[in-house]
Every structure is written in C-alpha cells, then in structure tokens.
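As structure tokens, the structure follows; a few thoughts come after it.
Keep in mind that what you see is a predicted model, and the values were worked out from it rather than measured.
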Amino acid sequence: GVLQSSFVSPTRGQGKDNLWDPFLNAYDASPWFKKVAQYLKQESKRLGLMLYHRQQTFLIFPGKRLAAHVQAANNVTLRGATRCYATIDELGHLSFASNGTKRASIHDGTEIFTSLTNSLRTVRSAAESRRAQLGDHHAIDGYMVNVSSPLDIGDPIEQRAAIADKSFRMYFTRFPTWEVNPKENEDLIR
C-alpha cells in the first residue's frame, strides 16, 4: 500500500489555502527537496517510469509508495488509507459549513478525528514494536497535528486539550489569536 499524508479541512478549498499551500511553499523552498525532485524527474525520463508526480493538490513518490494531498473532511472517504501523517484544520468547527449552517454529514468532528487516528494505527504499531523489540527510539511514528479555535468546552479540540497533559504522546499549546498572528488587533478580537 501507499503511505499517505493528509491535510484535512472542512472543505478542500480551505484545506488548500490554510494547510496545503503553506506546506507546499515550504517544500518548494527546500533546497534538498528541489534536488530530490530534479533527480527523480531525470530518472523518470531515463527509466521511463513515473518516480515523482506533483500537482496543485498532491505529491506522489510512486517508487517510495508515498503520497501527500489535501482532502475535505468526510468520515467515509477518509477511512481505509494507511497514513504516516495527518493534520486537521479547525477540528472544533468541522460540523459547520462556511455559511454557518450545521453540516448534516458531520456530527462534531470526532468521527473525522477517529477516521484519521485509525489510519495512523499501522504506522504507530510498527514504530511501537521497533521501540520495544529493537530499542529503535528513532523509528518514525504516525503523527497527527490539529489546529483549531475552540467552539465550546465539549468540542473535539477541547477534548484533546483536556487529556493532553496526561499523555506523553501529546503536545498541546493554547495561544490567543493575536499572539499567533501579530497582525491581528487584540482589542477587536476580544
């Protein structure tokens, strides 16, 4: 199978704007990835095989069975893949459409979080096994990053925050908008 990295938002467009494009900008700015992409393109031509494919919403490395892409939050279409990385934008607000109405397909975002967490289990189990059996503490794990402003005390991002200090596997921070984005006016946001 293919190991996937998924960048998930309430809508695919929002995911592209808020998660994927910043990732792709960092990827494109990396001298190392520039060299890798150039090498893979040359080797693709030489061998007549696709070793690298890049579009506006995905990256694929077929020879390494790796793919990265942006996806809309949909608990059905997110199931089944094996992931090594997932990120969710606005986990606390997944149940609302851009016009503020409740999305019928998503209860509160917990099902999106669960789908993605389950898809990380294969990689996480392999990493746990390598650490336990081989003492390989550098084994690559399955990572998830969630970013959200909270909606209420019971939303999925607040549920994660409530258990973060009890888990050695979770890192949690809380900052007001004006500290994360200094261009925002604190008085207006308050």
Side-chain angles (χ1 to χ4, degrees), residues 1-94 97-98 103 105-106 109 111-127 130 136 138-149 156-157 160 169 171 173 180-181 183:
V2 174
L3 282 178
Q4 296 183 24
S5 293
S6 297
F7 296 74
V8 178
S9 273
T11 67
R12 194 167 187 243
Q14 184 179 348
K16 186 175 179 316
D17 292 345
N18 296 343
L19 299 173
W20 182 254
D21 287 348
F23 163 77
L24 211 52
N25 289 337
Y27 171 87
D28 288 340
S30 165
W32 188 85
F33 277 117
K34 283 180 185 177
K35 288 179 185 176
V36 167
Q38 182 181 15
Y39 172 77
L40 290 174
K41 288 176 190 176
Q42 290 170 347
E43 286 297 294
S44 290
K45 286 180 185 175
R46 187 178 73 78
L47 298 171
L49 296 170
M50 184 183 296
L51 299 176
Y52 175 75
H53 190 59
R54 179 180 187 261
Q55 292 291 320
Q56 297 239 352
T57 58
F58 64 85
L59 287 170
I60 302 174
F61 300 89
K64 296 294 181 185
R65 298 184 332 199
L66 294 171
H69 52 100
V70 63
Q71 290 182 275
N74 181 314
N75 61 314
V76 175
T77 61
L78 291 173
R79 293 185 184 280
T82 300
R83 291 183 177 84
C84 54
Y85 177 82
T87 187
I88 305 173
D89 183 36
E90 293 300 351
L91 177 58
H93 296 266
L94 287 179
S98 59
R103 292 171 68 187
S105 62
I106 297 178
E111 59 273 39
I112 302 301
F113 177 84
T114 301
S115 293
L116 291 171
T117 300
N118 290 345
S119 73
L120 293 165
R121 177 49 31 211
T122 301
V123 171
R124 287 177 172 176
S125 293
R130 288 189 65 88
D136 180 4
H138 299 289
I140 294 175
D141 217 323
Y143 293 99
M144 182 184 289
V145 175
N146 301 304
V147 179
S148 185
S149 50
I157 197 72
R160 308 278 82 72
R169 294 187 54 89
Y171 175 73
T173 62
V180 176
N181 185 352
K183 293 180 182 179

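- For the side chain to side chain contact (heavy atoms under 4.5 Å, CB included) test with Val145, the passing option among Tyr85, Tyr171, Phe7 is Tyr85; the others fail.
- Annotation for Arg160: atom CZ counts as buried by contact number, over 12 foreign heavy atoms lying within 6.0 Å.
- Distance check: Ile60 CD1 to Leu66 CG gives 10.5 Å after rounding to the nearest 0.5 Å.
- When side chains are defined from C-beta on, Leu59 does not count as touching Phe33, because their heavy atoms never get closer than 4.5 Å.
- Minimum interatomic distance between Ser148 and Gly92 (heavy atoms only, all atoms of both residues): OG-N, 2.9 Å.
- Residues Ile140 and Cys84 have side chains not in contact (no heavy-atom distance under 4.5 Å, counting atoms from C-beta outward).
- The shortest distance between side-chain heavy atoms of Arg54 and Lys41 does not fall below 4.5 Å.
- Residues Thr57 and His69 are not in side-chain contact: their nearest non-hydrogen atoms beyond the backbone lie 4.5 Å or more apart.
- Taking CG of Leu40 as the reference point, atom CE of Met50 lies at 12.0 Å (rounded to 0.5 Å).
- Across Leu51 and Ser44, no two heavy atoms sit closer than the pair N-OG, 2.9 Å.
- A distance of 12.0 Å separates CZ in Arg12 from CG in Asp17, rounded to the nearest 0.5 Å.
- Rounded to the nearest 0.5 Å, atoms CH2 (Trp20) and CG (Asn25) are 11.0 Å apart.
- At a threshold of 4.5 Å between non-hydrogen side-chain atoms, the residues Ile157 and Ile88 do not count as touching.
- No side-chain donor-acceptor contact under 3.5 Å links Arg79 to the backbone of Ser115.
- In Arg65, the CZ atom is not crowded: 12 or fewer heavy atoms of neighbouring residues, nucleotides or ligands sit closer than 6.0 Å.
- A side-chain donor-acceptor contact under 3.5 Å links Asn74 to the backbone of Val76.
- With rounding to the nearest 0.5 Å, the separation of CG in Leu78 from CG in Asn118 is 11.5 Å.
- Residues Asn18 and Glu90 are not in side-chain contact: their nearest non-hydrogen atoms beyond the backbone lie 4.5 Å or more apart.
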Would Ile112 and Gln71 satisfy side chain to side chain contact (heavy atoms under 4.5 Å, CB included), going step by step from the backbone distance to the final call? CA-CA 11 Å; Ile112 302 301; Gln71 290 182 275; over 6 Å; no
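- For the pair Pro10 and Ala72, the tightest heavy-atom approach, listed with the atom from each and the gap, is O-CB, 4.2 Å.
- Ring geometry for Phe61 against Tyr27 counts as perpendicular: the plane angle is over 60°, on a 0 to 90° scale with 30° as the lower cut.
- Taken to the nearest 0.5 Å, the CG atom of Leu116 stands 10.5 Å off from the CD atom of Gln4.
- Nearest heavy atom pair, residue Ser119 against residue Ala81, reads CB-O, 3.1 Å.
- Listed here is the closest heavy atom pair of Pro156 and Leu91: CB-CG, 3.6 Å.
- Counting heavy atoms from C-beta on, the side chains of Phe113 and Met144 come closer than 4.5 Å.
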